[in-house]
Amino acid sequence: MMALFSLARRLQRIHSQILSPFFLQYPATVPSPFPSPLVQQLYLFSLAFHQTFFISSQTPVVTSNFSTLQSLSSQTLNYPFETTPQPNHDPGPQEPALLHLLKRVAHLSSETEAMASLDESGIKATLGLVCSVIWTLREEWRLAFLAFKWGEKWGSSGEKTYELMIWVLGNHRKFNTAWCLIRDLYRSSMDTRRAMFIMIDRYAAASDPCIAIQTFHTMEKFRMSPDEEAFSTLLKALCRYGNIEEAEEIMLVNKKLFPLDADGFNIILNGWCNVLVDVVEAKRVWREMSEYCIIPNATSYTYMISCFSKVGDLFNSLRLYDEMKKRGWDPGIEVYNSLVYVLARENCLNEAYNILKKMKKSGLPPDSATYNAMIRPLCESEKVEEARNILSIMKEENLSPTMETYHAFLHGVGFEGTLEILDCMKAGSVGPTGDTFLFILGKFLKVEQPEHGLKIWAEMKRFEVLPDSRHYVILVKGLATSGWLVKAREYYDEMRSCGFLDDPKIKKLLEEPKQHSGSMRQRGRIEIKRSKQLNERKGKKSGQKKKVNADKR
């Protein structure tokens with residue numbers, strides 16, 4: 001361990017030259033969580049509580065030609081804490097027929113006609129079927145809401161169905177409608193507590209921290225006391241979506257009602273350490289814990305070590321690891337994963353292997369996440385061969401590569417290598433998913449290789465991954481910045497025809513003057529040529545290395 005500290009000190013001197021300006025930047029003030037626009041938002045609350053539930057039959061229903069079966073989405077399909085309703089796993093054989101019928105009747109002129117068609121279909125509404133259909137249609141809230149209303153009509157709705165529908169509506173910022181469902185829950189004498197937690201989480205996800213806070217205080221109107229669990233849910237939701245300053249201020253302002261403790265500070269630490277990865281703010285909160293006489297626990301150390309490792313601070317990662325053990329806290333597998341990550345990142349592979357041995361001796365065998373933590377920084381540094389060696393060790397330990405493993409390798413390979421990895425993912429039944437293709441598209445279009453971007457777009461169909469708005473946005477932007485404006489407009493029109501909303505920034509980008517687009521096109525050709533030359537050089541270097549290694553043997 002002393003050898004590691006010596007090595008870490010040398011690395012720290014290098015990092016201090018790079019990070020010192022960053023460490024001097026502190027936010028001057030913490031913004032108030034109750035700005036004046038809150039009054040207008042509260043007015044909407046009062047309307048939602050008293051208005052009669054109504055969805056106009058004349059409102060056009062926009063449907064998408066694309067399914068929404070992707071497992072993850074950066075904004076709406078995350079699983080934040082305990083507030084996301086889980087999908088029902090008993091849909092029954094009638095689900096495909098009901099999905100098809102819902103998309104067909106959505107174009108009828110009124111809700112009454114749509115309901116009548118559903119009733120005449122002979123499909124029997126069950127709680128499992130309704131929940132499963134709402135989950136499947138979670139990106140198309142109008143269709144999901146029609147399924148919810150149909151299930152409610154036939155008595156196939158309960159608290160879980162309401163909660164799932166409220167979550168879907170919150171994802172699409174249809175908060176007034178969601179409040180009406182909470183009102184209906186309350187009037188039906190059902191529990192509204194979890195529904196309120198979901199609303200808090202969805203407001204935070206929608207970058208409305210003020211209304212998330214106000215929703216917490218609104219719980220009293222539903223005869224629920226905003227207790228410690230609710231307060232913790234509020235803090236977690238705010239931090240989960242980057243509103244960490246607001247969470248910290250709320251925690252300190254309410255310290256008489258909810259006494260400060262390590263668990264509360266750990267929520268804030270997690271925000272700075274793992275959501276925004278701001279080591280300056282994390283160190284400040286760590287000092288404040290001491291000022292409030294709060295003793296850090298194992299979770300506190302785990303978060304701080306994670307933060308230091310993510311910024312490549314090997315010295316402080318090892319220092320806190322040593323301090324953690326001296327204070328009697330047993331490091332968990334998350335701590336060891338952070339250590340092997342920073343060691344691999346700082347090119348200390350032998351020391352990382354020693355950590356793996358130490359884990360096994362302490363009864364914590366490395367898992368897939370541990371090996372992924374070593375593979376990822378190596379691939380990001382284009383040390384693919386070293387990463388492949390670790391993958392071999394991983395397989396020898398009877399650990400199968402995960403989606404994260406393959407995603408890590410995508411960092412360090414070219415176009416042909418990308419196709420090979422996609423095939424491996426398919427063979428191993430671990431994807432690829434929409435997020436996989438989102439990364440690959442961004443990777444090639446960032447270096448202005450639109451021809452590879454379009455080939456990857458075609459590969460999505462081969463792997464039965466259907467694009468959503470995120471894929472279209474990154475493709476259209478990438479094509480436009482590479483000078484392929486005609487193709488960019490083509491895909492933007494396709495995006496609009498699929499029911500996705502306009503993007504003003506993209507629209508402006510596509511309306512650039514023709515003479516400017518010509519220069520963009522020329523620049524695109526130059527960058528493509530440069531990237532091809534770079535790839536050729538990499539290929540030659542790789543071939544030379546292999547030849548040298550063969551000669552040595």
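Source: prediction; values computed, not measured.
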No-hydrogen, no-angle side-chain donor-acceptor test under 3.5 Å, S309 and S306: no
Parallel, tilted or perpendicular: ring planes of F175 versus Y203, cut at 30 and 60 degrees: parallel
Polar side-chain atom of E163 near backbone of I198 as donor-acceptor pair, under 3.5 Å: no
Value rounded to 0.5 Å, distance of CE in M219 from CG in L234: 10.0 Å
Minimum-distance pair of heavy atoms, taken over all atoms of L102 and L143: O-CD2, 3.6 Å
Over 12 foreign heavy atoms within 6.0 Å of CD, E228: no
Residues, nucleotides or ligands: over 12 heavy atoms within 6.0 Å of L257 CG: yes
Mutual orientation of the aromatic rings belonging to W457 and Y491 [parallel < 30°, tilted 30-60°, perpendicular > 60°]: perpendicular
Step-by-step side chain to side chain donor-acceptor pair (under 3.5 Å) determination, D263 to S232: CA-CA 9 Å; D263 291 338; S232 176; over 6 Å; no
Pair D208 + R173: basic N to acidic O under 4.0 Å: yes
F197 ring center within less than 6.0 Å of W167 ring center: no
Side-chain donor-acceptor pair present, Y241, R202, cut-off under 3.5 Å: yes
Basic-acidic side-chain contact under 4.0 Å: R470, D435: yes
Rounded distance (nearest 0.5 Å) linking atom CG of L238 with atom CZ of F216: 10.5 Å
Side-chain H-bond candidate by donor/acceptor type, T302 with E334, under 3.5 Å: no
Atom pair CZ/CD1 of R489 and I506 - distance to nearest 0.5 Å: 13.0 Å
Residues R327 and E323 bridged, charged N to O under 4.0 Å: yes
Euclidean distance, R376 CZ relative to E380 CD, rounded to 0.5 Å: 6.5 Å
Distance-minimising heavy-atom pair for W329 and N297: CZ2-CA, 3.6 Å
Donor-acceptor contact present, side-chain H407 to main-chain T402, <3.5 Å: no
S482 side chain vs L479 backbone, donor-acceptor pair below 3.5 Å: no
Inter-residue atom distance T481.OG1 - L445.CG, 0.5 Å rounding: 7.0 Å
Ionic contact status for R193 with D227, cut-off 4.0 Å: yes
F148/Y162 aromatic ring centres below 6.0 Å: yes
Within 6.0 Å of NZ in K446, more than 12 heavy atoms from elsewhere: no
